[in-house]
There are 2 protein chains.
Amino acid sequence: MTETVDTAGTAAAASAGEPARAPGTTEPAGTAAPGTAGTAAPGEPKAAPRPGLRERKKQRTRDALLRAALELFLSQGYERTTVDEIAEAVDVSQRTFFRYFAGKEDAALFLQRLAESHFIAAVRERPAHEAPLEALRRAVLESWDTIGEAIEEVVPIELHMRTYRLIESTPALLAAHLRRSEEIEEEIAHLIAEREGLDVDRDPRPRIAVAVFGGVMRVTGRQWGAGEDTGVEAIRELTAAYLDQVGPALAEKWGPAPR
Amino acid sequence: MTETVDTAGTAAAASAGEPARAPGTTEPAGTAAPGTAGTAAPGEPKAAPRPGLRERKKQRTRDALLRAALELFLSQGYERTTVDEIAEAVDVSQRTFFRYFAGKEDAALFLQRLAESHFIAAVRERPAHEAPLEALRRAVLESWDTIGEAIEEVVPIELHMRTYRLIESTPALLAAHLRRSEEIEEEIAHLIAEREGLDVDRDPRPRIAVAVFGGVMRVTGRQWGAGEDTGVEAIRELTAAYLDQVGPALAEKWGPAPR
DNA sequence: TTGTCATTTGTCAGTGGCTGTCACTAGCCT
DNA sequence: AGGCTAGTGACAGCCACTGACAAATGACAA
């Protein structure tokens, strides 16, 4: 009902993608769209000269759509929210919504994808001498901060955390989220294999290591969402604690409860 | 086009569920529907006196729908197959299809669920003295056989294997399958916690152990689907080999490739 | 300023998954 | 036989999503 397109401020960090895409799709993220040469001269290493009116307007629309969608999802539930409602809240046509997002799902998972891209970037920056799991561990722990900041630039953090819980509790969203997780695991597995100089299709260890890590991260996330403390500090501690439990969980004999 | 309801023979092992359900849903599988007391006298421990004409007819319809659905999915792809086509192939109304399956997805994942229920049963039967991961390991390896047999009773095994590949390569199905996997992991985690006399919400080890296991199983399954040899023997070997790689994958220093 | 061009948007029409309703038929029970 | 109930078909309708085309609008040059 409220919030028309005029919801200025807070420039989303999203890339200027085609209908479907959002923050960092499967693509390496370093690939700037080569076709849409706005004001920027090609080949120039400069960052962002200035978006131009058209671009800014698009950004605002996308931003408004995202925010309206999330707020509606959170207030009345994902399934009970229709695309028409979202479009109407921003005062654009339903068709326009689909030009910015591949579907309802895509909008709901937007922030997740933002977070994921940060994690992947963090993994990329880990020094090669670290053991695989060590690198992954440090990458998550470290990225919790940057993720928080990046999200703040688009929507209030609190909105994101509530969205996370919504995803976990909405079957359709959870399914989509898990599929996405698998895609990321595949990507990370390739990164690890590369670090170690291995062929990912010949040596199962990269995929297995990543699968183990991913599994633990999912358990961690769920536990975090279920708990009270939704702060960045809490998730970091949980992450570390759970990763430390992998060894014990694989042990022959389980001792008494950890704490 | 072919195959009307008269596709007799091969009685499916499915339970007589409501619109949505299929083989073994979340329920413990030992719970026989208490409401639908057909010919069987209540309280009698006997297995199946005999279905009755009505029941048999239903079974045949469900079976025919399942088979038609899978065959259409495999021949023209999941997305390109409409529910109307499936219904028409069996010569029932579209509405009837939805009375047997919660949706297209449900039909496509039917066999998976059959397999899952066998695995869960196998875990339940593991002696309590085995270490958690040991029990899980033995449960899968052992259940590969019973799963194969159970599926043969409904459709030719080969159909199932092709369906598995289809699931892996169809985004919508993969997503649903992964979500289902998570549900199962939760269930297994509870079983493990029970075996060890632990509170699943107080001690993270059960969930972590199961998540690790599940992750490896998923990688295994994917590898199996990608390969040539789709026999039961192949999957068993792969499973064992991959589970053996968990230790090495978690090690500080990765040695040279395993083989 | 004005004309041209490319992009963005709205409108319309249509497909397909899925659900509620209701009357009808066919097994089942006494 | 006759009543009861479960299974089915025929509609009608909601909603996510897509293709096509025309109108609106920013970008840019004359």
Side-chain angles (χ1 to χ4, degrees), chain A residues 4-5 16-20 33 35-41 49-62 64-65 69 72-73 76-88 90-108 171-173 176, chain B residues 4-5 16-20 33 35-41 49-62 64-65 69 72-73 76-88 90-108 171-173 176:
Chain A
T4 322
V5 188
E18 302 271 286
T36 318
T39 318
R50 37 131 175 220
L53 202 160
R54 214 177 209 151
E55 213 57 33
R56 270 177 286 145
K57 205 169 174 182
K58 252 170 54 177
Q59 201 66 275
R60 256 181 297 150
T61 306
R62 185 200 304 278
L65 278 170
L72 284 168
F73 292 161
Q76 22 174 324
Y78 175 75
E79 315 275 14
R80 279 182 304 271
T81 301
T82 70
V83 173
D84 288 289
E85 281 178 304
I86 301 169
E88 199 178 349
V90 183
D91 203 54
V92 296
S93 72
Q94 189 219 49
R95 198 67 183 81
T96 293
F97 173 89
F98 285 110
R99 288 197 176 97
Y100 282 96
F101 300 95
K104 266 170 72 174
E105 222 174 73
D106 189 49
L173 292 180
Chain B
T4 322
V5 188
E18 303 271 285
T36 317
T39 319
R50 45 160 164 181
L53 202 160
R54 204 121 125 189
E55 211 58 34
R56 271 177 286 144
K57 207 169 173 182
K58 252 170 54 177
Q59 202 65 275
R60 255 180 297 149
T61 306
R62 185 199 304 277
L65 277 170
L72 284 168
F73 291 161
Q76 22 175 326
Y78 176 75
E79 315 275 14
R80 279 181 304 271
T81 301
T82 71
V83 174
D84 288 289
E85 281 177 304
I86 301 169
E88 198 179 349
V90 182
D91 203 53
V92 297
S93 71
Q94 189 219 48
R95 197 69 184 80
T96 292
F97 173 89
F98 285 108
R99 287 196 178 98
Y100 283 96
F101 299 97
K104 266 169 73 173
E105 220 175 76
D106 190 48
L173 292 180

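Naming: A, B, ... by sequence-line order, numbering from 1 per chain.
A distance-only check finds no donor-acceptor pair linking the side chain of A/Y100 to the backbone of A/A107 [under 3.5 Å].
The distance from atom CZ of A/F97 to atom NZ of A/K104, rounded to the nearest 0.5 Å, is 8.5 Å. In this structure, CZ in B/F98 is found 11.0 Å from OG1 in B/T96, a value given to the nearest 0.5 Å. If you take NZ on A/K58 and CZ on A/R99, they are separated by 12.0 Å, rounding to the nearest 0.5 Å.
Between the CD atom of B/E55 and the P atom of D/dA6 there is a distance of 12 Å, rounded to whole Å. D/dC15 atom C1' lies 11 Å from atom CD of A/E85, rounded to whole Å. Between A/L65 atom CG and C/dG10 atom C1' there is a gap of 14 Å when expressed in whole angstrom units. C/dG17 atom P lies 8 Å from atom CD1 of B/I86, rounded to whole Å. Counting to the nearest Å, the P atom of D/dT8 and the CZ atom of B/F101 are 12 Å from each other. Atom P of nucleotide D/dG26 and atom CZ of A/R56 are separated by 11 Å, given to the nearest angstrom. Rounded to whole Å, atom P of D/dT8 lies 13 Å from atom CG of B/D91. Rounded to an integer number of Å, the gap from A/Y100 OH to C/dG10 P is 9 Å.
For A/R54, the side chain to side chain contact (heavy atoms under 4.5 Å, CB included) test picks out no residue, with sequence neighbours left out. A/T82 meets the side chain to side chain donor-acceptor pair (under 3.5 Å) test with no other residue; sequence neighbours excluded. Residues that satisfy the side chain to side chain donor-acceptor pair (under 3.5 Å) test with B/T81, not counting sequence neighbours, are absent from this structure.
The side chain of A/R54 approaches C/dT8 more closely than any other nucleotide in the set D/dT18, C/dT8, C/dG27.
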Reading nucleotides 11-16 of chain C from 5' to 3' and marking B where a protein heavy atom lies under 4.0 Å of the base, S where only the sugar-phosphate is that close, and - otherwise, the string is B----S
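Along DNA chain C, the nucleotide nearest A/F97 and the nucleotide nearest B/E79 are compared for position; the residue whose nucleotide lies closer to the 5' end is A/F97.
Between A/K57 and C/dT8, a side-chain N or O to OP1/OP2 separation shorter than 4.0 Å is absent.
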